[in-house]
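These notes are about the structure you will find just below.
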2 protein chains.
Amino acid sequence: MTENDVFRALADPTRRAIFEKLASGGMNASALRQGMEISQPAMSQHLAVLRKARLVREERQGRFVNYEVDPDGLALIAGWLAKYRAYWPARVEALKDLLKDMDQ
Amino acid sequence: MTENDVFRALADPTRRAIFEKLASGGMNASALRQGMEISQPAMSQHLAVLRKARLVREERQGRFVNYEVDPDGLALIAGWLAKYRAYWPARVEALKDLLKDMDQ
DNA sequence: CAGATACATAAGTGTGTGCTTATGTATCTG
DNA sequence: CAGATACATAAGCACACACTTATGTATCTG
């Protein structure tokens with residue numbers, strides 16, 4: 001898992017769609033394919049790229065492999081972005097509100 | 001400028017290096033090349049990609065073209081990341097501190 | 001105006017990427 | 001054990017990408 005792995009993984013729209021789907025709840029590779037018009041090998045290859053970037057992690061459950069979001073990859077992006085936070089001051093207040101919400 | 005433009009622009013390590021250099025202060029294309037072992041056309045092409053992604057914007061000054069960070073591209077990444085903020089709760093407090101600092 | 005400087009664009013090339021088809025591996029079921 | 005199911009991996013192919021060399025365009029200077 002390198003910075004390059006993460007950015008390259010997110011550079012593909014299909015992979016971002018897969019990631020987004022997983023963000024709404026973990027599921028196995030077959031379930032991920034539902035409504036996505038993508039072949040089984042293509043999905044498997046995309047998941048391998050996302051795994052290498054630690055954007056996703058697997059957990060084998062018998063015959064199935066359950067996938068879920070791995071926070072590590074996201075954290076790397078967040079860290080990268082934080083370095084340039086000086087450039088989006090207008091959005092600071094909005095972000096603060098978001099964080100306030102996260103406290104429940 | 002689309003989400004795809006931004007992620008694809010950041011997928012290249014040379015472009016991230018260019019962006020990072022610009023983040024420490026605007027400069028022209030020739031100055032950007034200093035210490036970067038990159039040809040003039042390659043730099044120009046990378047800057048075109050970053051421009052299309054609105055990660056960078058230009059301002060012609062006579063014979064020179066001054067480049068600087070454009071917040072719009074960064075904001076798009078920040079927005080994308082915000083959708084998945086539920087996955088890095090451990091870093092919320094740290095982020096809050098960062099935002100507090102930004103208030104000066 | 002002529003040359004130099006700063007940058008952009010065009011065209012060509014090797015390599016990487018995302019797909020395909022085919023096959024392999026692991027687990028479950030009868 | 002045999003077949004089915006879930007997924008991974010291998011190999012090949014078309015296309016995108018990052019580079020190169022060559023040339024174009026705009027601005028400055030003498």
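Just the heavy atoms: all of them, side chains too, but no hydrogens, waters or symmetry mates, feed the values below. In what follows, chains carry the letters A, B, and so on, assigned in the order in which the sequence lines appear, proteins first and then strands, with residues in each chain numbered from 1.
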Discussion item. Quick check: closest heavy atoms across B:Tyr87 and A:Pro71, and the distance to 0.1 Å?
Written reply: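 For B:Tyr87 and A:Pro71, the tightest heavy-atom pair comes out as O-CB, 3.0 Å.
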
Discussion item. Assuming nearest nucleotide by heavy-atom distance, tell me which of B:Ala48 and B:Arg63 is located more 5' along DNA chain C.
Written reply: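 Taking each residue's closest nucleotide, the earlier one in sequence belongs to B:Arg63.
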
Worksheet entry | B:Ile77 side chain reached by B:Phe7 side chain, heavy atoms, under 4.5 Å |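 Side-chain contact under 4.5 Å: yes.
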
Discussion item. Can you tell me if A:Gln61 has over 12 outside heavy atoms packed within less than 6.0 Å of its CD?
Written reply: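 Enclosed.
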
Worksheet item: Would the number of heavy atoms belonging to other residues, nucleotides or ligands and lying under 6.0 Å from NZ of B:Lys21 be above 12?
Response: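 Correct, the count exceeds 12.
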
Worksheet item: Can you give the first and last nucleotides of DNA chain C, 5' to 3', that have an atom under 4.0 Å from a heavy atom of chain A?
Response: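 Counting from the 5' end, contacts occupy C:dT17 to C:dC28.
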
Item to complete: Would you classify A:Arg15 as touching base, sugar-phosphate or nothing, given that sugar-phosphate means primed atoms plus P, OP1 and OP2, and contacts are heavy atoms under 4.0 Å?
Response: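 Here A:Arg15 touches the backbone only, sparing every base.
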
Fill in: B:Arg16 (side chain) donor-acceptor with B:Leu10 (main chain) under 3.5 angstrom
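Answer holds: yes.
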
Would you give the length of the straight line joining atom [atom1] of [X] to atom [atom2] of [Y], rounded to the nearest 0.5 angstrom?
X       : Y       : atom1 : atom2 : result
A:Gln45 : A:Ile38 : CD    : CD1   : 9.0 Å
A:Asp12 : B:Asn4  : CG    : CG    : 8.0 Å
A:Leu22 : A:Leu47 : CG    : CG    : 7.0 Å

Worksheet item: Can you tell me how far P of D:dA16 sits from CZ of A:Arg8, to the nearest Å?
Response: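 Value for this atom pair: 17 Å.
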
Discussion item. Please report the distance, rounded to the nearest Å, between CZ in B:Arg16 and C1' in D:dA18.
Written reply: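 Rounded to whole Å, this separation is 14 Å.
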
Worksheet item: Which string of ( ) [ ] | and . matches DNA chain C, if you list each base 5' to 3' and count Watson-Crick or G-U pairs only when both distances are under 3.5 Å?
Response: ||||||||||||||||||||||||||||||

Discussion item. I want to confirm an ordering. Mapping A:Phe64 and A:Ala42 to their closest nucleotides on DNA chain D, which one lands closer to the 5' end?
Written reply: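 This one resolves to A:Phe64.
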
